[in-house]
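Written out below as structure tokens is the structure these notes cover.
Order of listing sets the numbers, starting from 1, for every ligand and every atom in it.
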Amino acid sequence: MDLCELSPSYVRSIAPYQPGKPISELAREMGLDEKRIVKLASNENPRGIGPRTRAAIEAALADLARYPDGNGFELKQAISRRYGVDPSGIVLGNGSNDVLELVSLAFLGPGRSAVYSQHAFAVYPLATQARGARAIVVPAKDYGHDVEAMAAAVTEDTQVVWVANPNNPTGTMVPPERLETFVKRLPERVIVVIDEAYNEYLHADLRADTLKWLKRHPNLVVTRTFSKAYGLAGLRVGYALAHPSVADVMNRVRQPFNVNSIALTAAAAALDDMEFVARSYAENLQGLRQLEAGVRALGLDWIPSYGNFLTIRAGRAADVYKRLLRRGVIVRPVGGGYELPAHLRVTVGTAEENERFLAALAASLKE
Ligand SMILES: Cc1ncc(COP(=O)(O)O)c(C=O)c1O
């Protein structure tokens, strides 16, 4: 008997999430020195973490024998102070991935549907399918979310609409006014998730006022993360901002201690380090321009990006990906579920890492 058969068919047919290849794995496979490998595959922050956050982490080590604060009081207070939201409308997660899962646990199930865009972040199909809900995938326009078509695609049984702004892996964004018109158009019975994992990489003028919209739209859920501009991907911490009754139902399906104590302390410290985030933003912009110039010089096209990564049209991308691996450079192929078989996504690294990538890309294209 195949024990797989015991799980519901909608679970069995899930295509597993493909993470960026770990450095240690490539080193083992190719016999390469880990220190010579450049990983630009998971949209992490090349700055690492700031000294204040490091100090908070060191202080938190003293209390590791105890369970964390299951309600994350201090971190919620810090978020509440920063954004002027009530702590009752905050849901903390083990990465923002976790809060996306909580949305699906709280609102999706068989007989319900969720709307998202073609090329949208991979967790939306996963979280939708894992609950047995039906996916309504709306074709992208110029690689980006066609929000007008997404609103039109909502049906009687639609419970959730997923929007990544900016989106990964395309780096596209929906301008604030257009996004607000879209939110207004959706019926109040539909939860609309605006996933702002890359919000800090947007120029201030391009950031939507989503936290203000929360007051007018109780069906809105805004998700944010400490994994990107705050540099804490390895600790796993993110959050959702929502109407208190939406947050309440999400909290009911949350594991009691879903965010560990070091992550809670580090995130609160990182949130206060505005200078670190400002530098991350500025360096990312420089890195993007460096990558664009290098890619242009190689005669390749890319999708204009508002995130900390660039998605490049590289012809036979799967082959180029393998050739880059042999040169010790890990990027992300975005064929498969993302339906971008001719593209590769590269994370903005340090100036030196970007240079290594561009040199390896030039050599791989000639091969
Ligand atoms: C659009 C988007 N949302 C959410 C996430 C989840 O990140 P995390 O779980 O680290 O917060 C990612 C990670 O790459 C992302 O690209």
Side-chain angles (χ1 to χ4, degrees), residues 17-22 39-46 49 72 75 79 90-105 114 116-128 140 143-145 160-174 179 192-202 207-208 210 221-241 250 254-255 258-260 262-264 266-267 270-271 277 280 284 303 305-311 330-334 337-338 340 343 345-348:
Y17 181 79
Q18 298 286 348
K21 198 177 198 49
K39 182 183 175 222
L40 299 173
S42 301
N43 300 346
E44 295 141 341
N45 190 333
I49 61 172
L75 178 55
I79 294 170
I90 304 172
V91 183
L92 301 180
N94 183 34
S96 60
N97 213 318
D98 190 27
V99 290
L100 299 174
E101 285 290 337
L102 296 181
V103 168
S104 74
L105 277 168
Y116 55 85
S117 172
Q118 180 191 22
H119 314 313
F121 181 48
V123 165
Y124 313 149
L126 284 175
T128 301
Y143 300 107
H145 288 28
V160 174
V161 176
W162 306 102
V163 175
N165 201 48
N167 181 48
N168 167 24
T170 55
T172 50
M173 60 92 68
V174 181
L179 192 61
V192 50
V193 178
I194 302 188
D195 173 348
E196 296 187 331
Y198 300 98
N199 185 55
E200 292 80 4
Y201 290 113
L202 281 174
R207 288 185 202 159
T210 44
V221 175
V222 177
T223 66
R224 301 256 175 101
T225 185
F226 287 95
S227 299
K228 308 296 174 187
Y230 290 94
L232 296 178
L235 279 180
R236 315 300 302 122
V237 51
Y239 59 96
L241 303 172
M250 287 171 67
R254 183 175 64 81
Q255 281 182 41
N258 63 332
V259 186
N260 70 72
I262 298 184
L264 286 172
L271 193 64
V277 176
S280 298
N284 181 63
I303 307 172
S305 174
Y306 293 90
N308 65 341
F309 53 88
L310 193 66
T311 296
I330 313 173
V331 297
R332 185 74 77 95
V334 282
Y338 283 126
L340 292 165
H343 288 77
R345 189 196 72 195
V346 58
T347 300
V348 176

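In this structure, R345 has no salt bridge (charged side-chain N to carboxylate O under 4.0 Å, His left out) partners at least two apart in sequence or on a different chain. For S227, the side chain to side chain contact (heavy atoms under 4.5 Å, CB included) criterion is met by T225, A233, R236, not counting sequence neighbours. Annotation: salt bridge (charged side-chain N to carboxylate O under 4.0 Å, His left out) contacts of E44 (sequence neighbours excluded): K39.
More than 12 heavy atoms of other residues, nucleotides or ligands shown are found within 6.0 angstrom of OH on Y338.
A distance of 6.0 Å or more separates the ring centres of F121 and Y116.
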Between the protein and ligand 1, are there any N or O atom pairs that come within less than 3.5 Å of each other, and if so, what are their names and distances?
| from | atom 1 | to | atom 2 | distance (Å) |
| --- | --- | --- | --- | --- |
| ligand 1 | 3 (N) | D195 | OD1 | 3.2 |
| ligand 1 | 3 (N) | D195 | OD2 | 2.6 |
| ligand 1 | 9 (O) | S96 | N | 3.2 |
| ligand 1 | 9 (O) | N97 | N | 2.9 |
| ligand 1 | 9 (O) | R236 | NH2 | 2.7 |
| ligand 1 | 10 (O) | S227 | OG | 2.6 |
| ligand 1 | 10 (O) | R236 | NH1 | 2.7 |
| ligand 1 | 10 (O) | R236 | NH2 | 3.4 |
| ligand 1 | 11 (O) | S96 | N | 2.7 |
| ligand 1 | 11 (O) | S96 | OG | 2.7 |
| ligand 1 | 11 (O) | T225 | OG1 | 2.5 |
| ligand 1 | 11 (O) | S227 | OG | 3.4 |
| ligand 1 | 14 (O) | Y198 | OH | 3.4 |
| ligand 1 | 14 (O) | K228 | NZ | 2.9 |
| ligand 1 | 16 (O) | N168 | ND2 | 2.7 |
| ligand 1 | 16 (O) | Y198 | OH | 2.7 |

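Under the side-chain hydrogen bond (donor to acceptor under 3.5 Å, both in side chains) test applied with E196, the options K228, R207, R224 reduce to a single match, R224.
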